[in-house]
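Each remark here refers to the structure printed beneath this line.
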There are 2 protein chains.
Amino acid sequence: MSVDMELAPKTKRAAGEPCCEPVVYPDVDRDRALRLATVAKALGDPIRLQLVDVLRKHAGKVCVCELVPLFDIAQPTLSHHLKKLRDAGIVDSERQGLWAYYYVLPGALDDFAGWLG
Amino acid sequence: MSVDMELAPKTKRAAGEPCCEPVVYPDVDRDRALRLATVAKALGDPIRLQLVDVLRKHAGKVCVCELVPLFDIAQPTLSHHLKKLRDAGIVDSERQGLWAYYYVLPGALDDFAGWLG
DNA sequence: GTTCCATATCGACGGACATGGATCTGACTG
DNA sequence: CAGTCAGATCCATGTCCGTCGATATGGAAC
């Protein structure tokens, strides 16, 4: 891979002139970048990533009491992570009596996966 | 989608007995989760996500002076974000005289894209 | 009612993060 | 050499994050 010479700024230029003309632009606008980054940020913690991994690979909804023993963290911490994933729109929950069941929202990761190619 | 009854904890149980047997496990071990989360965390900022988007869509290497005018942030802040992406193993840089050229490391996002499905 | 249980929320702590001004570094110019 | 420029680093600021103990909530069992 070599430097694209069309993008190489000219070495000599008038004082005050910017070093080069901008020729590249992001394909993702600010709003979409914000949405994509929100998902990425939610996945940017090992425990949350494993949580999503478990929920994604299991068809159906998983009881929180199943998730607690999988990680070496206190119950409030797990609850905090689940809330983060819910706030990011990746998972949702459903209560049944005492227990809460979590599941990955269908298509929640599609946009991100699509951007990632 | 309905609750998987095989996973539903029994309502009645002996005192001290856990509410249910764990039947789900993460396919991703702790180390891989850490590596995947590192990439996700680096992408968890709108500016860094747009940076990767620009660098990915442009074949070859892009001069920093091209990137600065694309965002409403100060130059040290942009440098900070580029360093984060470098530390995460997503991009690398190459100096040519006064200018620095950044590019996405080939395959840097493959593992993450593969996990995301 | 009371008691127990699963989960969520609160409050506080330490550490990490995003930001930008000032400054340093290294390279080109004259 | 001195002057200039691009980019990185340093430093200070305020904010957010991960963690967990304590507590609240709301349902089930007795």
Side-chain angles (χ1 to χ4, degrees), chain A residues 7-20 33-34 37-38 40-51 61-69 71-88 91-102, chain B residues 3 7-20 22 33-34 37-38 40-51 61-69 71-88 91-102:
Chain A
L7 287 181
K10 294 186 289 290
T11 294
K12 301 192 175 185
R13 66 194 187 284
E17 185 184 348
C19 76
C20 46
L34 194 63
T38 299
K41 184 189 271 187
L43 298 176
D45 179 277
I47 288 180
R48 287 198 294 267
L49 193 129
Q50 280 187 297
L51 278 171
K61 309 178 180 179
V62 180
C63 178
V64 172
C65 65
E66 301 264 352
L67 302 173
V68 172
F71 305 95
D72 273 342
I73 56 174
Q75 175 266 323
T77 306
L78 180 64
S79 199
H80 159 79
H81 285 307
L82 288 170
K83 178 170 164 51
K84 283 263 169 144
L85 290 172
R86 219 177 334 113
D87 290 346
V91 310
D92 204 356
S93 64
E94 181 183 301
R95 273 222 116 143
Q96 295 215 354
L98 283 179
W99 296 283
Y101 296 87
Y102 278 78
Chain B
V3 170
L7 288 181
K10 295 185 289 290
T11 295
K12 301 192 175 185
R13 67 194 186 286
E17 186 184 350
C19 75
C20 48
L34 193 63
T38 299
K41 183 188 271 187
L43 297 175
D45 179 279
I47 289 181
R48 287 198 293 266
L49 194 130
Q50 280 186 297
L51 278 172
K61 309 178 179 180
V62 180
C63 179
V64 172
C65 65
E66 300 264 352
L67 302 172
V68 171
F71 306 94
D72 273 342
I73 56 174
Q75 175 265 325
T77 306
L78 180 63
S79 199
H80 157 79
H81 284 307
L82 288 171
K83 178 170 165 50
K84 282 265 170 149
L85 291 173
R86 219 175 335 111
D87 290 345
V91 310
D92 204 355
S93 65
E94 180 183 303
R95 274 222 118 144
Q96 295 215 353
L98 282 179
W99 296 284
Y101 295 87
Y102 277 78

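So that the names make sense, note that chain A is the first sequence line, chain B the second, and so on, each numbered from 1. These numbers were taken from a predicted model, which means no experiment stands behind them. Side chains included, hydrogens not; waters and symmetry mates left out as well; all remaining heavy atoms used.
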Of the listed nucleotides dG21(C), dA8(C), dT19(D), the one nearest the side chain of Pro76(B)
dG21(C)

For Gly97(A) and for Lys41(A), locate the closest nucleotide of DNA chain D by heavy-atom distance; then report the residue assigned to the nucleotide nearer the 5' terminus.
Lys41(A)

Is any side-chain nitrogen or oxygen of His81(A) closer than 4.0 Å to OP1 or OP2 of dT19(D)?
yes

Between dC10(D) (P) and His80(B) (NE2): distance, integer Å
14 Å

Would you say dA8(C) has OP1 or OP2 under 4.0 Å from some side-chain N or O of Lys83(A)?
no

Scan Leu82(B) against the nucleic acid and name what it touches under 4.0 Å (heavy atoms): base, sugar-phosphate only, or nothing.
nothing

note: Gln96(A), atom CD; dG26(D), atom P; distance rounded to Å ~ 18 Å

Asp87(B) has an atom CG; how far is it from atom C1' of dA8(D), in whole Å?
13 Å

Length of the OH-C1' vector between Tyr102(B) and dA6(D), whole Å
11 Å

Checking dG18(D), dA8(C), dG26(C) against the side chain of Leu98(B) (C-beta onward), the nearest is dG26(C)

Of the candidate nucleotides dG20(C), dG7(D), dA6(C), which contains the atom at the shortest distance from the side chain of Trp99(A)?
dA6(C)

For the side chain of Ile47(B), starting at C-beta, report the closest nucleotide among dG18(D), dT19(C), dA8(C).
dT19(C)

Between P on dA6(C) and CG on Leu67(A), what's the gap in Å once rounded to a whole number?
14 Å

Given dT19(C), dG20(C), dG7(D), which nucleotide is nearest the side-chain atoms of Ala74(B)?
dG20(C)

Rounded off to whole Å, could you give me the CD-to-C1' distance for the Gln75(B) and dC24(C) pair?
12 Å

Below 4.0 Å: OP1/OP2 of dA18(C) and any side-chain N or O of Arg48(B)
yes

Kindly say whether, by distance alone, the side chain of Thr77(B) makes a donor-acceptor pair under 3.5 Å with the base of dG20(C)?
yes

